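Worksheet: one structure, shown below.
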Amino acid sequence: MLRRSVVVALGFFTVCSLLTSAGRAEDGPIFKHVIPTDAPQFARAFSADSRVGAMIFDNLLIDTEIGRGTLPSVCTKQFSYVLQPKSDKDVSVVQNIRGFVSTQGSGNAVLLISANGKASTVDWKKAIQDAKIPPSPRFKELEKTARKQASELGFTNDRPAKFDDFFVEIKSPVPIGKPLQTTLILLVDRLTGDDGSGAMIVIDSIDFEVLPVKK
């Protein structure tokens, strides 16, 4: 059964290869990208020493319906990821979350971040103020690499108009051999009967760095 499966798989691969080759030979139409609209997509990059990483997102965003003021509008989205540090000692992981937020009228936006069992709601006033702080050179250089990959994948991550940039830093202690799971919960809503109101949250990038615990 295994041998037959292998033969079938090889035969399928050969046919696909021939079809692909034929298509290229004729210079016919091809597929450029496959973009799942609901699943968040991201490009990632790591520094040469694997101590710093970056993710650039394409569609990690959420917004309310605008223009239907007679109906309530509440939307949520969740995204989780796991970082696995490698060290013979306890470490500290720093995560920098950057994005854009906008509210109009009765629109409301909430971003909840849970990391290593500790959850906190983003203070937009502080996060918008902190966004003015330029990223460190290591993160900035790494983001260039990640954004180049994102561009090659066809991601569109330009800054929207009439939005406020925000920046949130999360520091988490991680014991030896343990992973760090982080969950982002995005929520936007607006009041019923308030036409023209709305809210939107866009997660643009997440940078992360692993550091030894200071004693």
Side-chain angles (χ1 to χ4, degrees), residues 33 35-44 53-83 94-135 139-140 143 146-147 150-151 153-172 180-208:
H33 301 297
I35 301 176
T37 57
D38 293 329
Q41 298 184 99
F42 60 90
R44 62 182 179 179
M55 295 187 289
I56 304 296
F57 292 88
D58 178 45
N59 60 341
L60 185 48
L61 56 88
I62 190 171
D63 63 345
T64 58
E65 296 181 25
I66 298 178
R68 299 182 66 190
T70 58
L71 298 175
S73 182
V74 180
C75 298
T76 61
K77 178 172 286 190
Q78 174 181 313
F79 177 69
S80 297
Y81 57 96
V82 177
L83 301 174
V94 179
Q95 300 184 77
N96 298 324
I97 302 170
R98 296 180 182 274
F100 323 108
V101 61
S102 174
T103 57
Q104 303 172 30
S106 66
N108 180 53
V110 177
L111 175 59
L112 178 68
I113 304 173
S114 176
N116 202 20
K118 183 179 180 181
S120 60
T121 302
V122 172
D123 179 342
W124 291 124
K125 184 176 181 180
K126 182 178 186 305
I128 292 171
Q129 182 67 31
D130 290 345
K132 298 176 182 179
I133 303 173
F139 286 130
K140 192 172 183 179
E143 279 203 12
R147 290 193 184 279
S151 178
L153 291 170
F155 291 1
T156 55
N157 47 27
D158 295 332
R159 185 190 186 284
K162 297 181 180 179
F163 276 61
D164 290 311
D165 298 84
F166 71 82
F167 167 78
V168 182
E169 182 181 82
I170 303 292
K171 296 181 180 179
S172 304
L180 171 62
Q181 178 171 303
T182 302
T183 299
L184 308 180
I185 299 177
L186 294 69
L187 181 151
V188 290
D189 62 4
R190 62 170 173 74
L191 295 176
T192 303
D194 197 351
D195 200 7
S197 294
M200 186 173 189
I201 304 174
V202 179
I203 303 296
D204 176 65
S205 66
I206 299 178
D207 305 322
F208 42 89

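Predicted, not measured: the structure shown is a model, and the values here were computed from it.
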Item checked: Gap separating the CD1 atom of Ile203 from the CE atom of Met55, nearest 0.5 angstrom -> 10.5 Å
Checklist line | Minimum side-chain heavy-atom gap Val202-Ile62 below 4.5 Å | finding: no
Can I get a per-line list of side-chain donor-acceptor pairs under 3.5 Å for residues 114-123, giving both atom names and the distance, sequence neighbours left out?
| residue | atom | partner | partner atom | Å |
| --- | --- | --- | --- | --- |
| Asn116 | ND2 | Pro173 | O | 2.6 |
| Asp123 | OD1 | Lys125 | N | 3.1 |
| Asp123 | OD1 | Lys126 | N | 3.4 |

Next item on the list: Go through Ile113 and Ile97 one step at a time and tell me if the side-chain contact (heavy atoms from CB on, under 4.5 Å) criterion holds.
Entry: CA-CA 10 Å; Ile113 304 173; Ile97 302 170; 3.6 Å; yes
Note to self: Quick check for you: to the nearest 0.5 Å, what is the distance between Ile128 atom CD1 and Asp164 atom CG?
What the structure shows: 4.0 Å
Item checked: Check: Ser102 side chain, Met200 main-chain N or O, donor-acceptor pair, under 3.5 Å -> no
Item checked: Euclidean distance, Arg44 CZ relative to Ile56 CD1, rounded to 0.5 Å -> 13.5 Å
Note to self: Taking the side chain as everything from C-beta on, heavy atoms only, tell me whether Asp204 gets closer than 4.5 Å to Phe100.
What the structure shows: yes
Next item on the list: Would you indicate whether the side-chain heavy atoms of Gln78 and Leu184 approach each other to under 4.5 Å?
Entry: no
Margin query: Just to verify, what does Gln181 make a side-chain contact (heavy atoms from CB on, under 4.5 Å) with, not counting sequence neighbours?
Written below: Val82, Thr183
Checklist line | Pairing residues for Phe79 by the ring-ring contact (aromatic ring centres under 6.0 Å, His included) criterion, not counting sequence neighbours | finding: Phe57, Tyr81
Item checked: side-chain contact (heavy atoms from CB on, under 4.5 Å) assessment of Asp58 paired with Phe42 -> CA-CA 6 Å; Asp58 178 45; Phe42 60 90; over 6 Å; no
Next item on the list: Spell out, as yes or no, whether a donor-acceptor pair under 3.5 Å connects the side chain of Thr64 to the backbone of Ala199.
Entry: yes
Check: What pairs of residues pass the ring-ring contact (aromatic ring centres under 6.0 Å, His included) test when at least one of them lies in residues 113-134, not counting sequence neighbours?
Finding: Trp124-Phe166
Check: What distance do Ser197 atom OG and Asn108 atom CG have between them, rounded to the nearest 0.5 Å?
Finding: 11.0 Å
Note to self: Looking at Lys77 and Leu187, would you say the former's side chain and the latter's main chain have a donor-acceptor pair under 3.5 Å?
What the structure shows: no
Next item on the list: Check Gly107 against Arg190 and note the closest heavy-atom contact, atom names and distance.
Entry: CA-CB, 4.1 Å
Margin query: Using the rule given for side-chain contact (heavy atoms from CB on, under 4.5 Å), can you reason through Phe208 versus Leu83, listing the C-alpha separation, both sets of side-chain angles and the distance that settles it, and then say yes or no?
Written below: CA-CA 9 Å; Phe208 42 89; Leu83 301 174; 3.9 Å; yes
Note to self: Under the rule for side-chain hydrogen bond (donor to acceptor under 3.5 Å, both in side chains), what residues qualify as partners of Thr182, not counting sequence neighbours?
What the structure shows: Gln95
Next item on the list: Evaluate the side-chain contact (heavy atoms from CB on, under 4.5 Å) criterion for residues Ile201 and Val188: first the C-alpha distance (whole Å), next the side-chain angles of each, then the deciding distance (0.1 Å), finally the verdict.
Entry: CA-CA 8 Å; Ile201 304 174; Val188 290; 3.9 Å; yes
Next item on the list: Compare all side-chain heavy atoms of Asn96 with those of Ile170 and state whether any distance is below 4.5 angstrom.
Entry: no
